[in-house]
Protein chains: 2
Amino acid sequence: MKTAHRSDGTATRKLILDATEKIMRDEGYAAVSSRRVAEQAGLKSQLVHYHFGTMDDLFLALYRRSEEEWLQRQMRALTSANPVTELWKISIEPNSEFVSEFIALAVHRETVREEIARSNDRTRTIQAAVFARALEDARIDSEDLPAEVLAFIIAALSRTLVTEAALGASSGHDAVRAFITRRLQQIEDAARTHGDALSAT
Amino acid sequence: MKTAHRSDGTATRKLILDATEKIMRDEGYAAVSSRRVAEQAGLKSQLVHYHFGTMDDLFLALYRRSEEEWLQRQMRALTSANPVTELWKISIEPNSEFVSEFIALAVHRETVREEIARSNDRTRTIQAAVFARALEDARIDSEDLPAEVLAFIIAALSRTLVTEAALGASSGHDAVRAFITRRLQQIEDAARTHGDALSAT
DNA sequence: GTCTATAGGCCGATAGAC
DNA sequence: GTCTATCGGCCTATAGAC
């Protein structure tokens, strides 16, 4: 059996990941350094390298942890009665700015780019699969609105809302939120009246 | 009269701005340093500070230059026969990734944030004013699709397309381009049949 | 306007003791 | 697993000569 020693490394790893996440959220990826992370965590900077290797490795480890949390929240949204609006709701939380920060990082770092690109595509594919069903129930032709387009639109609009809000630019944001909420509800209202009733098949 | 000496500074300033822009496009804002810029321009790094002051001042000067170019291109698009589709066309050019890079920079730099936020809002307001007319001509109720929402959607979708393309993630991009192109053309076809014909008023 | 020189600082990463 | 010590490097910015 594994006797949990007081410091077997997993606690330290968590401290380091938490510190990295906080700096990245507050000041952006460019402010992340082994020294700043260590200071934030109350550790020595060498421990960052001991536990994670290079800084890129640290970024990747943090991304994987965040992705896991996100996938669980997404799963709950997509398996709810209103997958479209529920995904929208969790997508416009300030938390999403964190995703954009990783994308900004990945665009210019070869070592993490591929993994984040694949993760992005995979998430979109999952959403599209669920949305395809919802759109079908709503009697919306996939020619008129492909499910993958709906997934893209939700990602693009929510990311831009959150990023611009962080920037302090919110021109038109209220109108956008109202517009999208209404449109997505129209889809799900239609899906409910047609699809959910087992008799209608 | 101002006798144009061989080096009155304006040529050097252009060299420095060009070098900064190239590094920012190729490697992102985090790769911009006075030394890297000077190396790219074939100059000494001290000249960067002599001509622009701090690095934030340099970023702002570059932003202002890019904004000016962008406003001219936008003006041409918005005064064309098809302002909506023309704006979409120039928005999805790879050049737009440059804008996203500035936004990513501004989110975490107080000194440049306000100016870029104001610029972002101002651009959107201009677009909305032109679109309001186009939507009116197309007999689209502003309750159904507010002009500012259309401007936001174009900005959000184009930025996300360009950023994800740079990331190497292009899941659903072709479908999105086809979908948006069609929708925007529907608006402008309707505007043409109703609005442009002077007899219809 | 451009040069040399330099102050003062943060960075990633490794070696070796415990 | 955590410590001390340290290498080599890049950074912003300024001072002062020309």
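Atom set for the values below is all heavy atoms of this structure, side chains included, hydrogens, waters and symmetry mates excluded.
Considering only side-chain atoms of B:K44, the nucleotide from C:dC3, D:dC3, C:dT2 that sits closest is C:dC3.
Classification of A:R133 and A:D137 as a salt-bridged pair holds, one side-chain N sitting under 4.0 Å from a carboxylate O. By the 4.0 Å N-to-carboxylate-O rule, B:E21 lies close enough to B:R25 to be salt-bridged with it.
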Under 4.0 Å protein heavy-atom contacts per nucleotide of nucleotides 12-18 of chain C, with B for base, S for backbone only and - for none: BBB----
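Side-chain contact, A:N82 with A:T85: no donor N or O sits under 3.5 Å from an acceptor N or O.
Proximity of B:T12 to the phosphate of C:dG1: no side-chain N or O atom is located under 4.0 Å from OP1 or OP2.
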Would you please test B:Q127 and B:E148 for side-chain hydrogen bond (donor to acceptor under 3.5 Å, both in side chains) and show each step? CA-CA 8 Å; B:Q127 294 171 2; B:E148 57 185 352; over 6 Å; no
The test is side-chain contact (heavy atoms from CB on, under 4.5 Å); show your working for A:H49 and A:L58 and say whether it passes. CA-CA 8 Å; A:H49 292 109; A:L58 172 60; over 6 Å; no
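Put simply, CG on B:L47 is 15 Å from P on D:dT14, counting in whole angstrom units.
Here the two rings, on B:H173 and A:F152, have centers that are under 6.0 Å apart. For A:F59 and A:Y63, the ring centers sit 6.0 Å or farther from each other.
Within residues 14-24 of chain A, no residue is approached by DNA chain C to less than 4.0 Å at the level of any non-hydrogen atom.
The salt bridge (charged side-chain N to carboxylate O under 4.0 Å, His left out) search around A:R109 returns A:D56, not counting sequence neighbours.
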